[in-house]
Each structure stands twice: as structure tokens, then as C-alpha cells.
Number of protein chains: 2
Amino acid sequence: MTKKTSEGADVTARPTMHDVAAHARVGLSTVSRVVSGKAGVSLAKRNAVERAIAELGYSRNDFAHTLRTGSARTIGVVVTRISDPFYSQLIGAIESRAQERDLLVLVASSGDDAAESERVLKRMLSRRLDGLIVVAHEESDVAFLAAEPAAGTPIVFVDRPPVGLHSDVVIVDNERGAADAVRQLVRAGHRSIACIAHTVGRYTSEQRQIGFRAGVRQAGLPDRAELIVEVEDEIDACVEALRELFSLPDPPTALFTTNSRTTKAVLGAMRLMGVHPALIGFDDFELADLMTPPVTTIAQDPWASGEAAAELLFERIAGRGGPERRVVLGTRLITRGSGELPPA
Amino acid sequence: MTKKTSEGADVTARPTMHDVAAHARVGLSTVSRVVSGKAGVSLAKRNAVERAIAELGYSRNDFAHTLRTGSARTIGVVVTRISDPFYSQLIGAIESRAQERDLLVLVASSGDDAAESERVLKRMLSRRLDGLIVVAHEESDVAFLAAEPAAGTPIVFVDRPPVGLHSDVVIVDNERGAADAVRQLVRAGHRSIACIAHTVGRYTSEQRQIGFRAGVRQAGLPDRAELIVEVEDEIDACVEALRELFSLPDPPTALFTTNSRTTKAVLGAMRLMGVHPALIGFDDFELADLMTPPVTTIAQDPWASGEAAAELLFERIAGRGGPERRVVLGTRLITRGSGELPPA
DNA sequence: TTGTAGGCGTTATCAA
DNA sequence: TTGATAACGCCTACAA
């Protein structure tokens with residue numbers, strides 16, 4: 001149980017089943033049976049083994065176990081940015097579900113770079129994970145993952161369907177949510193509504209733009225292209241965008257933002273400029289209710305998305321075959337004030 | 001390369017080095033050399049192997065690799081709640097650093113339960129991780145981890161030093177930060193300042209209470225125990241606490257909160273009650289600058305903590321011996337308005 | 001430069 | 001009920 005390092009120092013190596021077997025004076029397979037909780041071991045030997053395990057501080061080497069059994073009891077989650085509140089909620093939900101099944105969760109950020117994203121995904125796959133949950137980077141072609149489900153690694157996509165690949169997916173009803181926002185603003189009396197869309201995160205942003213325009217049409221308002229602007233989610237860019245919008249002949253009296261990062265940036269810009277248009281943002285966010293005025297949002301529930309994705313994945317892991325499943329979660333209008341402001 | 005499942009269905013099993021070697025008509029070790037990027041392979045064979053790898057869609061089995069080499073190239077991170085913004089930032093930083101070194105990150109929530117926490121930690125350890133970063137649950141006795149560093153798994157604690165165990169640790173200067181908050185409030189003219197402390201998260205909360213009292217003493221103010229209250233971070237509890245504080249003979253004109261969750265809850269309570277005391281909160285948080293008035297905070301940088309912990313861990317993994325290291329990060333007063341309000 | 005033969009720690013098979 | 005033995009897929013001497 002002790003080994004020499006290359007430097008010649010003695011280190012206490014981890015005990016193996018061998019050590020336990022020797023210590024307990026039983027055979028190797030008896031130890032294995034005890035460790036794996038299998039039946040067919042006499043109480044006496046079982047006790048002896050358990051004592052040896054405690055005395056030696058033995059714990060099973062998962063790698064050897066996995067090599068032998070084929071299952072790592074681990075799933076992987078890849079998102080663009082772990083620290084984003086939306087994704088951290090998603091991860092939290094997945095991890096929570098995974099823990100119920102005694103699965104471990106490997107996480108990785110793919111960043112905003114497609115190449116990096118591919119590298120990370122490949123790295124995860126060499127882990128022989130039981131399954132993978134992926135929020136794909138917009139532009140990344142994930143077609144190279146096509147062979148995975150067949151090779152035994154089920155994959156579930158969240159938030160955005162993968163490009164060039166059929167797979168289980170969990171998304172929200174972006175179009176309907178955006179249209180709901182417009183309807184609410186129209187109800188408050190607005191006739192000129194702008195859509196401030198996030199340029200990165202193309203898929204969801206596009207869907208929400210489509211929903212926005214559908215909402216505008218349904219309300220019988222003119223479809224004015226100049227009222228839809230795309231911005232980076234920085235305050236400067238939003239100030240610029242708002243300035244242009246407000247200098248229009250028929251300026252907007254209300255704003256719709258396509259995700260929470262944009263909403264926050266726009267709120268910052270509004271404060272800087274001292275303007276107070278009505279506002280509804282896609283995505284709920286912490287403290288939305290403590291803003292002045294409180295911010296009305298189209299809430300999607302990242303925790304629910306995570307749970308749905310985990311469930312889908314667990315079913316696949318358990319062997320569910322059949323066609324890809326597509327879970328579409330609803331959104332919820334949370335009325336708080338900013339969306340009920342009448343036109344100035 | 002194909003196997004029968006127990007159901008008798010043919011599945012495409014993953015190719016192994018064997019398959020690649022056969023396909024490329026070379027020896028097993030040649031494949032190994034190519035995969036490991038080692039020198040000493042002729043260009044012709046290297047090309048042949050690479051073609052075979054591409055055609056077969058081979059990727060190395062990390063478990064076998066790890067079993068053989070002993071390093072999993074994976075570190076673990078255990079926090080109490082992944083979805084908490086503070087921890088998700090921490091994880092983001094660690095993951096970012098880990099990716100630079102081609103390490104993967106396993107994350108787990110330990111929850112608020114000591115038993116669960118121990119279970120999770122043990123689970124991680126059986127993974128033979130290269131290292132572990134832990135935000136220990138307050139009450140959890142992590143003494144059972146004592147043998148780990150010796151056994152080859154370095155551990156770094158963050159946010160709170162471990163109970164019953166010496167180890168590398170990254171913390172912030174909680175006392176000084178809290179005292180800074182008091183000083184700032186005193187500067188604005190306050191003579192009666194309350195401390196609203198989070199009951200859970202005992203260590204940091206206690207340190208910050210100590211700092212608070214030190215600040216009060218240093219300002220020459222009386223040490224009034226009734227001005228220090230402990231609450232759960234729910235709005236109801238905060239309303240209750242504020243009500244009591246404000247019904248004191250000499251009620252506080254300013255508040256200090258010991259962490260961001262409490263700050264947010266207190267802000268909610270303040271809005272409900274329609275009161276507007278001065279306020280400084282420990283921990284910065286998103287949108288603090290967009291509140292009305294903007295919230296002054298004692299900022300600690302979770303990203304920096306994560307990076308510091310990662311560095312400490314990497315050094316240990318690289319073989320640094322010697323005594324435990326203790327990194328104490330500073331805090332930063334971010335003046336925004338709520339802490340500069342004069343007494344009403 | 002290439003290939004062959006162990007062995008990493010575990011589990012499954014089989015015989016005792 | 002038990003224990004020896006052969007894989008799992010890979011890496012590392014060592015030999016050719």
C-alpha cells in the first residue's frame with residue numbers, strides 16, 4: 001500500500017480491493033461483492049470486509065469500475081457560460097435531478113466560440129458519459145455529434161434546437177411569449193412598440209422577433225422594420241439604439257427586449273438617458289420586482305427546462321428508443337408595472 | 001466493432017485502439033503513440049492511423065487512460081448551491097482556469113444538509129480526482145477529508161475555512177469589509193446602525209458581525225446588542241425584523257446586511273414597508289446600480305476567489321508541498337448612494 | 001521505427 | 001458461499 005514516487009519519497013497510496021482482501025483474509029471477489037452490495041456473502045465475511053474497508057479507508061476506484069462495467073454514472077452539461085444566471089439555474093436543476101439517481105455532473109462552458117465548443121464537446125465524449133445535455137452555441141454545427149446517440153451517448157439539447165442534427169430537445173414557446181408581450185403593451189394603449197433584440201443568441205432572439213412581429217400584426221399595427229433593432233448587450237450600444245429609436249418621426253412609447261441580459265442593459269441605458277418608456281422583457285430576472293417601476297416580464301423557468309431535459313435524458317439512458325422528442329415549455333406573463341404604463 | 005446487447009439487437013460499439021490498429025494495419029502501440037501525440041512514428045503510419053481514426057470515429061476511452069496513467073485530468077467543485085449567483089461565478093472562474101489546462105470540472109451541490117454534503121464529497125473522492133475545491137457547509141465536519149491530501153487528492157477550501165482540518169483556503173477579509181461599511185455610514189452622519197445578519201452561512205456571517213461591531217467601536221458608538229438581528233433571507237422575516245428595529249427607542253437610521261441574499265430580502269421588505277433607511281450590503285450584486293436609490297455594497301469578487309482557489313489547487317497538483325496556504329482577498333466599497341443617505 | 005507483453009483495479013465467469 | 005482467472009481499453013517498458 002505504499003509506493004515510491006519518482007522522487008523517492010514514500011507516499012501512502014490508496015488501498016485497492018487487493019489490500020482489503022488481504023487485510024480481511026478473504027478472496028478478492030468477496031470484497032467486490034461486498035463493495036457492490038451483492039448478495040451471497042456470509043455475514044461473518046461481510047463484517048470482516050467492512051471492518052477492513054473502514055480501517056484502510058478504502059473507496060472504490062471509479063475508473064476501474066467504469067472500465068469494467070461501461071457506465072460512468074456521470075452526465076455532462078455544456079452551456080455557453082456557466083456563470084449566467086439562466087444557465088446556472090439550468091445546471092442546478094439538472095444536478096439536483098442527477099443526484100437523485102446518484103449520477104455525477106460534469107459541466108463545461110463552451111464560450112462564444114464554435115471551435116472551442118467543439119473541443120469541449122469532444123473532450124466530454126471521450127469520457128464515455130451516460131448522456132449529455134447541451135446548450136449549443138448558435139453558429140456551431142453540431143453535426144459531428146450525429147453518431148453519438150447511436151454509439152450510446154444520448155444527447156438532449158436545451159434552449160435551441162441543434163443545427164444539422166435530429167435529437168431530443170427542450171425549448172420554450174418563444175414566439176407565443178413575445179406575442180404575449182406585444183398584446184399586453186397594446187392593451188395598455190401603445191401603438192408604437194420597439195423590439196430590442198440581442199444579436200448573439202441568434203435562434204431564440206430570432207424566434208422572439210418573429211413572435212414580436214406576429215403580435216404586432218395581430219394587433220392590427222403597421223409592421224415597421226425601423227422599430228426592430230439588434231444590439232449587443234452593452235449599455236453604450238443600448239443608449240445608441242434608444243437614441244435612434246426616439247428620434248424617429250413616430251417614436252416608440254414602449255419597448256420589448258428579447259432576453260434578460262438585454263433587458264438589464266436597456267434599463268441601464270434608460271436610467272442614463274432619463275427616459276421611461278413602457279417595457280416588457282423576455283426572461284424573468286432576480287430583482288425585477290424591486291426595480292422602479294417593477295419590470296414586467298415574459299418568464300421562462302430555467303429550472304423547469306433543466307428538469308425536463310434531465311427527464312428526457314434519463315429516459316434515453318434507460319433505453320427509450322423511438323423518434324426524437326421535442327418538449328415545448330410555456331412562458332408566463334408576470335405583470336409588474338413597467339408593461340402597464342400608458343403611452344406618455 | 002459490433003456487439004449484441006442483451007436484447008439481441010446489434011449496436012455499433014465504440015471502436016477501440018485495437019480496431020484502429022487493425023483498420024490501419026499497424027501495431028497497437030503505434031496507434032497509442034499517435035493518439036498521445038508522441039514522437040517516433042513515421043509520417044506514413046501516422047497518416048494511416050489518423051485516417052483510420054477519422055473513418056472509425058474513434059476517440060480515446062478516458063477511463064482506461066486514467067486507470068493506466070493515474071490522473072483523471074479532472075477536478076471537482078462542491079458548493080452548497082450551484083444556482084446561487086455567487087457560486088456560479090466561482091464555478092465559472094474555476095472552469096475557465098481549468099479549461100486552460102485541459103482539465104474537466106465535476107460540480108455538485110452539497111445542499112444545506114451535512115449528511116448529504118458528506119455523501120457528495122465521498123462520491124467525488126471515489127473518482128480519483130486530481131483535486132477538489134470545496135465550499136463547506138457550515139456545520140459539516142469535514143475532518144473525514146483529512147486523509148485525502150496525503151492520499152493524493154489536494155483540497156482547497158473557499159469562502160470558509162474547514163472545520164477540524166488544516167488545508168489551503170481562500171477567503172475574503174470579512175471583518176475589515178464589514179468595518180468599512182460601518183465607517184462609511186458613520187461618515188454619512190449615522191449614529192444608530194443596525195446589522196441584519198443571515199443565520200445560515202454562519203462563518204462568514206459571524207465574521208462580518210464581528211467586523212460590524214469593531215467598526216461601531218472604532219467610531220466611538222455604543223455597542224448595542226439589540227441592533228444586531230439574525231434573519232432567514234425571506235422577505236417576511238425581514239419585515240418582522242425591521243418592524244422591531246424601528247420600534248426601538250433609538251431606532252436605526254442605517255442598515256448593514258451581511259450578504260447579498262439578505263440585502264435583497266431587506267430591499268424587498270423596505271419596499272413593502274415604504275421605509276428608506278440608508279443601507280450598505282456585503283456582497284455586490286447585479287442591478288445594485290439600477291435600484292432606487294442605487295445600493296452601496298462591500299464587493300467581494302467571486303471570480304477572483306475562484307481563480308485564486310484554482311491557482312492554489314494547480315500548484316498542489318503540480319506537487320507543491322509545504323504548509324497550508326491561506327489567501328485572504330480584500331473587499332471593495334462600491335459607493336452608489338444608498339450608503340450616503342444622511343439620517344432622516 | 002515498430003510490435004509484443006504485461007498490468008492499472010474492477011467485475012463476471014466459472015469451478016470448487 | 002467462495003476464490004481464482006480472464007477480460008475491460010489503454011500505456012509503458014522492452015525487444016525486435
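The structure presented is a predicted model; accordingly, all values stated were derived computationally and were not measured.
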Do the side chain of A/Arg128 and the main chain of B/Asp62 share a donor and acceptor less than 3.5 angstrom apart?
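Answer holds: no.
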Counting only N and O atoms by type, is there a donor-acceptor contact under 3.5 Å from the side chain of A/Gln99 to the main-chain atoms of B/Ser109?
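Checked: pair present.
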Classify the nucleic acid contact of A/Val35 as base, sugar-phosphate or nothing, counting any heavy atom under 4.0 Å across all strands shown.
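Nothing, no nucleic acid heavy atom in range.
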Select base, sugar-phosphate, or nothing to describe what A/Thr66 touches, counting heavy atoms under 4.0 Å on all strands.
nothing
Can you tell me how far [atom2] of [N] sits from [atom1] of [X], to the nearest Å?
X	N	atom1	atom2	value
A/Arg128	D/dG9	CZ	C1'	9 Å
A/Arg25	D/dG3	CZ	C1'	16 Å
B/Met17	C/dG7	CE	P	20 Å
B/His18	D/dC8	NE2	P	9 Å
A/Arg14	C/dT10	CZ	P	11 Å
B/Asn61	C/dC8	CG	P	18 Å
B/Leu67	C/dG7	CG	C1'	9 Å
A/Asp62	C/dG9	CG	C1'	11 Å

Greater than 12 external heavy atoms within 6.0 Å of A/Arg326's CZ:
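Check fails, neighbour count at 12 or below.
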Report the C-alpha distance between A/Leu145 and A/Phe157 in whole Å, list the side-chain angles of each, state the deciding distance to 0.1 Å, and finish with yes or no for side chain to side chain contact (heavy atoms under 4.5 Å, CB included).
CA-CA 12 Å; A/Leu145 292 174; A/Phe157 289 85; 4.1 Å; yes
Salt bridge between A/Arg123 and B/Asp102, side-chain N to carboxylate O under 4.0 Å?
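Between B/Asp102 and A/Arg123 there is a salt bridge, with a charged N closer than 4.0 Å to a carboxylate O.
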Between A/Asp130 and A/Arg101, is the closest basic N to carboxylate O distance under 4.0 Å?
no
For the residue pair A/Arg97 and A/Ala310, what are the closest heavy atoms and their distance?
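For A/Arg97 and A/Ala310, the tightest heavy-atom pair comes out as CB-CB, 3.9 Å.
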Shortest non-hydrogen separation from B/Ala108 to B/Met124 and the atoms involved
CB-CE, 3.6 Å
Taking the side chain of [X] as its heavy atoms from C-beta onward, which of [options] lies nearest to it?
X	options	value
A/Tyr58	C/dT2, D/dC11, C/dT10	C/dT10
A/Thr16	C/dT2, C/dG9, C/dT11	C/dG9
B/Ser42	D/dG3, C/dT11, C/dT1	C/dT1

Side-chain N or O of [X] versus OP1/OP2 of [N]: is the shortest distance under 4.0 Å?
X	N	value
A/Lys38	C/dT11	no
B/His65	D/dG9	no
B/Ser32	D/dC11	yes
A/Thr69	C/dT11	no
B/Arg60	D/dC11	yes

For nucleotides 4-7 of chain D, print each protein N/O atom paired with a nucleotide N/O atom at under 3.5 Å, atom names and distance only.
{"unit_1": "D/dA4", "atom_1": "N7", "unit_2": "A/Ser29", "atom_2": "OG", "d": "3.4"}
{"unit_1": "D/dA4", "atom_1": "N6", "unit_2": "A/Ser29", "atom_2": "OG", "d": "2.8"}
{"unit_1": "D/dA7", "atom_1": "N3", "unit_2": "A/Arg68", "atom_2": "NH1", "d": "2.7"}

